[in-house]
Asks: 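Below is the structure I would like to discuss, written out as structure tokens.
The model shown is predicted, which means the values in this text are computed figures rather than measured ones.
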Amino acid sequence: MTIIFIPTIANGCFEVERDALLTFKADLHDPGNLLSSWHGPECCNWTGVICHNLHQHVVKLNLRNPLYPADNYFDWESHALTGTLNPALLSLKYLTHLDISGHDFSNINFPKFACSFEHLVYLNLSGSQFQGVIPQEIGNLSRLQSLDLSGSNFTGLIPPQIGNLSNLWYLSLGYSYLFSKPSVDRLSWLSRLFNLRYLDMSWIDLNDTVDWSVINEMHLLETLMLPDCSLSEIPIELSHVNLTSLKKLDISLNSFNVPLPNWLWNLTGLLYIDLRYSEFYGSVPITLSNLVSLNFLGLGGNNFENVFLEPISQLVNLRSLYLSRLGIGGDVLNLIKKLGNMWYNLEDVDLGGNGLTGNISWITQMRNLSIIDLTSNSLSGHIPSEIGTLVCLKELYLSGNSLSGVITEAHFVKLSNLETLDLSGNMLTLKLNENWVPPFQLQYLVLESCKVGPKFPSWLQWQTQLFDVSLSNTSIIGVIPAWFWNLSVEYVDMSYNNITGSLPVSFLLSKIRDLNLRSNNISGPMPSVWGGIDSLDLSNNILNGSMPTKFEFPQAHLVDLSGNRIDGAIPQGVCNMSYLFVLQLSHNAISGEIPDCWKNISNLEEIDLSNNQITGELPASIGSLQNLLTLQLYNNKLHGEIPSTLQQCKNLVFLSLGMNNFSGKIPAWIGKQLQNLVVLQLRSNKFTGFIPPEIGELSELQILDLAHNSLVGSIPNSVGNFSSMKNSSRYYFVTYGSHTSSYSDTLYIDINGQYVYSSAPLEFVKTIDISGNNLSGQIPEEIWLLQAVISLNLSRNSLIGEISETIDGMRYLESLDLSFNEMSGQIPHAMSTLSSLHNLNLSYNNFSGKIPNGRQLDTLNDSSIYVGNSYLCGPPTDKSCSNGSSIGIDFGHGENQRFK
């Protein structure tokens, strides 16, 4: 007898499948109640669950976030599922369609069990931020027709087994959220995907693995997306173009460095082509006009010698034109004239960064205009009030011009679709009625350096969709109204105003993620609860009181509270901010010891606790910060030796421990282990012993400050190895998190006895200060070869010997202080060639002979420069040189002369 097992079905739902779905649900956190209907026996009626209309098995599971996609992750995170994906779903044996897109699974890897659904034809995990590598088992899904893994955090190699999916017609792998892109070893597997119609590998590091001959054989391909793929090779010619179905091509943000390929103009079916910022050069050919169906054209940011506008003028179907940063120049009306009638049919236009002049009165004739970007030109005049009649306008970018005049309600009267408004960097004044209710709902508002104040713009209270607002330097005076903190805004910049009052006690319910209120007059204590802040800048205000005991910003990457009146100790909670890149607490009244808890905050790149009243020793756990670039503890009350664990911070660029009570010897490992140092500042401590010769191994060093310690011995010859001080053209770049910029940290530099608070790019600040120690011996000849040094201070030691004639090689030298030593000999005439020298102090030594003159030395006519040198004569001192003196001096003219 044969026993046949028949699965139990209850009310149109197989029990085993319902149990699997409930097990799957149990491991998820569901803030948007996407799965709220998942209860009761009839699972085929649950949201997202679709059963076959005959055999009733679950065949589709559509759990797509209802708010995804959106321009920004934070727009849809409130409805994002989190947690883990339970493989109980494997009980859905008949599943053909699985969509778990738009969620937050940033802490788990690709769900490998998904590769075991043998009937699957559709898999969409896009935007759900899975980590790790894409498993090779993905190639087992032989029936798969659509695969979307875009918008995740995948790393490593894209598995070539994807080439086994011969039924694929849709493949999207691009747009990784991580800084480290996934990559491809080779792309030959593409040749096996002969049914492919859609291919998106945006942001993947293809590293020139693309075989364009393979791409050219994909005759069914309609969409090809390869932007920002680290490509540098593309054929100029193809013997035969087979991409006859291609409708959309994006190869922007690459580094081809060739003329535009000729075969592009044979793709006559193209509707969309984006070639921006890919280092193409040469000319835009007349054959561009072959693309008669073109709707979108992106040419901006390339290196064309000539941009012929005539072929563009023939593209009568064009609706989007992107020509930014092509050096077009001239009056904008000349450009419009060359483009002819098609100009006024355009809907999206980008002419930013072209040096265009003239006014923008013509803008009112573009009745279909939806997006226009004219940023960073030289446009002038008023913004016509008739712009308020452009009913289709959604995005308006006019920043960085010379526009002037007054903006009133008339400029917005019919702009009900307006979502982005950027008027920053102009000379505009907004005069809007206090009771005005705008017709639009903005998402982005940027008015930086426009005159908005003195009153806070009350019309913002009606902007319930506002996401990003920048009102920096807009002359606002007074208190931020309470209603503002209840808006949906997530990015706020109101820096450089005169905002007063205090902050709300709690930001727990606020949606703000990036708050910049620096350089205002905000007072009162720090809020105790901050919610989901990512970036907080409250620097240069008058906040007071102690730091909150629960000083924790779990998601923050930047916290800057410098330049306030905050006191008390640094709470332990600071070490729980595992995403933190920058911690700035300088210029406050913080006391107590630095907590020894830094092992769990490995992302930290900058710590600035300078100018406080912090005591104790530098904790050993600081050495756990292996990504640390900047450590500033200047002007505190710290003591003890520099902990040896600090040598583990091999990426350190900026180390400032000056004005404390550190003691012991300067560790030799600084030169051996911290070879990325650009700034080493240990001044005004209690260091003893010799300057370690190993310090000369710091080839990147630009600032060496060991002044006012108790160092002995001679200056090591190895200081001549500071390569960066020999080369004035070197430029240092530093990266904080995802932001790269020229390094411009701040520090105190002693130049000619005066402290200078410097925030200049370090390209221009190359100094050596070893003054105020007990050093002896001669100045190494190698020092005079550091031609890029601008300030050299060796004063108040016991140095002997002469100034070398080779000092004329220090052509950038601005300040030289050798005072209060025991140096002797003549002052070399070569110093007159130092054209930048404006601070000189040679006082209280044993120099002799006539003070040289000529050129730069004639401008240094202060006799105090030479005081305390009994045997010097000549201007600017009052001692004259004559033959009547008993000491013979050789002035380099082959004869002895005497001075009186």
Asks: Assess whether side chain to side chain contact (heavy atoms under 4.5 Å, CB included) is satisfied between L238 and N266, documenting all intermediate values.
Replies: CA-CA 10 Å; L238 287 175; N266 294 328; over 6 Å; no
Asks: Would you say Y68 and S126 are linked by a side-chain donor-acceptor pair, where the criterion is simply a distance under 3.5 Å?
Replies: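 Side chains of S126 and Y68: pair found under 3.5 Å.
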Asks: Side chains of M201 and V184, heavy atoms from C-beta outward: is any pair under 4.5 Å?
Replies: yes
Asks: So does K650 have more than 12 non-hydrogen atoms from other groups sitting under 6.0 Å from NZ?
Replies: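 Enclosed.
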Asks: Is there a donor in the side chain of N262 and an acceptor in the side chain of E237, or the other way round, less than 3.5 Å apart?
Replies: yes
Asks: Go through it in stages, so that I can follow the logic: the residues are L173 and I162, the test is side chain to side chain contact (heavy atoms under 4.5 Å, CB included), and I'd like the CA-CA distance, side-chain angles, deciding distance and then a yes or no.
Replies: CA-CA 11 Å; L173 302 174; I162 291 179; 4.1 Å; yes
Asks: For H119 and Y94, take the angle between the two ring planes, folded into 0 to 90°, and tell me which bin it lands in: parallel under 30, tilted 30 to 60, perpendicular over 60.
Replies: parallel
Asks: Does some side-chain heavy atom of Q626 sit less than 4.5 Å from a side-chain heavy atom of S602?
Replies: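 A side-chain contact is absent here, since even the closest heavy-atom pair is not under 4.5 Å.
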Asks: What I'd like to find out is whether the side chain of I607 reaches to under 4.5 Å of the side chain of V582, using heavy atoms alone.
Replies: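 They are not in contact (no side-chain heavy atoms under 4.5 Å apart), so the answer is no.
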Asks: Around Q136, counting heavy atoms of other residues, nucleotides and ligands shown, do more than 12 lie under 6.0 Å from its CD?
Replies: no
Asks: Quick check: are the SG atoms of C51 and C44 less than 2.5 Å apart?
Replies: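 Judged by the SG atoms alone, which are under 2.5 Å apart, C44 and C51 are bridged.
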Asks: When you compare the side chain of L34 with that of L28, does any pair of heavy atoms fall below 4.5 Å?
Replies: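 Answer no - side chains too far apart.
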Asks: Check the pair R276, D274 against side chain to side chain contact (heavy atoms under 4.5 Å, CB included), reporting the backbone distance first and the verdict last.
Replies: CA-CA 6 Å; R276 289 177 290 175; D274 194 348; 2.7 Å; yes
Asks: If you count every heavy atom of other residues, nucleotides or ligands that lies below 6.0 Å from Y170 atom OH, does the total exceed 12?
Replies: yes
Asks: So which atom in S152 and which in L125 form the shortest heavy-atom distance, rounded to 0.1 Å?
Replies: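 So the minimum-distance heavy-atom pair works out to OG-O, 3.8 Å.
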Asks: Work out which heavy atom in H219 is nearest to a heavy atom in S245; give both atom names and the distance.
Replies: O-OG, 2.8 Å
Asks: Could you report the tightest heavy-atom contact between L147 and L168, atom names first, then the distance?
Replies: N-CD2, 3.8 Å
Asks: Determine the sole option in N254, D228, I234 for which the side chain to side chain contact (heavy atoms under 4.5 Å, CB included) test with S278 is passed.
Replies: N254
Asks: Less than 4.5 Å apart, any side-chain heavy atom of D211 and any of L187?
Replies: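 They are not in contact (no side-chain heavy atoms under 4.5 Å apart), so the answer is no.
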Asks: Could you verify whether a donor N or O on one side chain and an acceptor N or O on the other, from E217 and N242, lie under 3.5 Å apart?
Replies: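 Yes, side-chain donor-acceptor contact under 3.5 Å.
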Asks: Is there side-chain contact between Y122 and T96, with at least one heavy-atom pair below 4.5 Å?
Replies: no
Asks: Mind telling me whether H57 and H55 have parallel, tilted or perpendicular rings, with 30° and 60° as the class edges?
Replies: tilted
Asks: Which of these passes ring-ring contact (aromatic ring centres under 6.0 Å, His included) with F256: Y277, F280, W212?
Replies: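 Passing option: F280.
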Asks: Give me the atom names and distance for the closest heavy-atom approach of F24 to N86.
Replies: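 Residues F24 and N86, closest heavy atoms: CD1-O, 3.6 Å.
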Asks: Would you say that more than 12 heavy atoms from the other residues, nucleotides or ligands in this model lie under 6.0 Å from the NZ of K511, or not?
Replies: no
Asks: Knowing that exactly one of I215, L267, T268 qualifies, which makes a side chain to side chain contact (heavy atoms under 4.5 Å, CB included) with L246?
Replies: L267
Asks: Working to the nearest 0.5 angstrom, can you tell me the gap between I138 CD1 and L123 CG?
Replies: 5.5 Å
Asks: Does the gap between the ring centers of Y322 and F296 come in under 6.0 Å?
Replies: yes
Asks: Are V58 and L95 close enough that some pair of their side-chain heavy atoms sits under 4.5 Å apart?
Replies: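 With C-beta onward as the side chain, the pair touches.
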Asks: Looking at residues at least two apart in the chain, or sitting in another chain, which of them share a side chain to side chain donor-acceptor pair (under 3.5 Å) with S202?
Replies: Y175, D200
Asks: Between S150 and D148, which heavy-atom pair has the shortest distance, and what is it?
Replies: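 Between these two residues, the closest heavy atoms are OG-OD1, 2.7 Å.
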Asks: Could you pull out the closest heavy-atom pair between H29 and P31, with the gap in Å?
Replies: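 Between these two residues, the closest heavy atoms are O-CD, 3.3 Å.
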Asks: Check the orientation of F154 and F110. Use parallel for under 30°, tilted for 30 to 60°, and perpendicular for over 60°.
Replies: tilted
Asks: Side-chain contact test, heavy atoms from C-beta onward, threshold under 4.5 Å: evaluate it for I273 versus L297 and give yes or no.
Replies: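 Side chain of I273 against side chain of L297, heavy atoms only: contact under 4.5 Å found.
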Asks: Has K112 got more than 12 heavy atoms of other residues, nucleotides or ligands less than 6.0 Å from its NZ?
Replies: no
Asks: Determine, stepwise, if the pair L264 / L291 fulfils side chain to side chain contact (heavy atoms under 4.5 Å, CB included).
Replies: CA-CA 9 Å; L264 292 176; L291 308 184; 6.0 Å; no
Asks: State, without any angle test, whether D205 and S183 hold a side-chain donor-acceptor pair at a distance under 3.5 Å.
Replies: no
Asks: Per the side-chain hydrogen bond (donor to acceptor under 3.5 Å, both in side chains) rule, what does the pair list look like for residues 185-195, sequence neighbours excluded?
Replies: N164-R192
Asks: Fit a plane to each ring of F467 and Y444, take the angle between them on a 0 to 90° scale, and name the class: parallel (under 30°), tilted (30 to 60°) or perpendicular (over 60°).
Replies: perpendicular
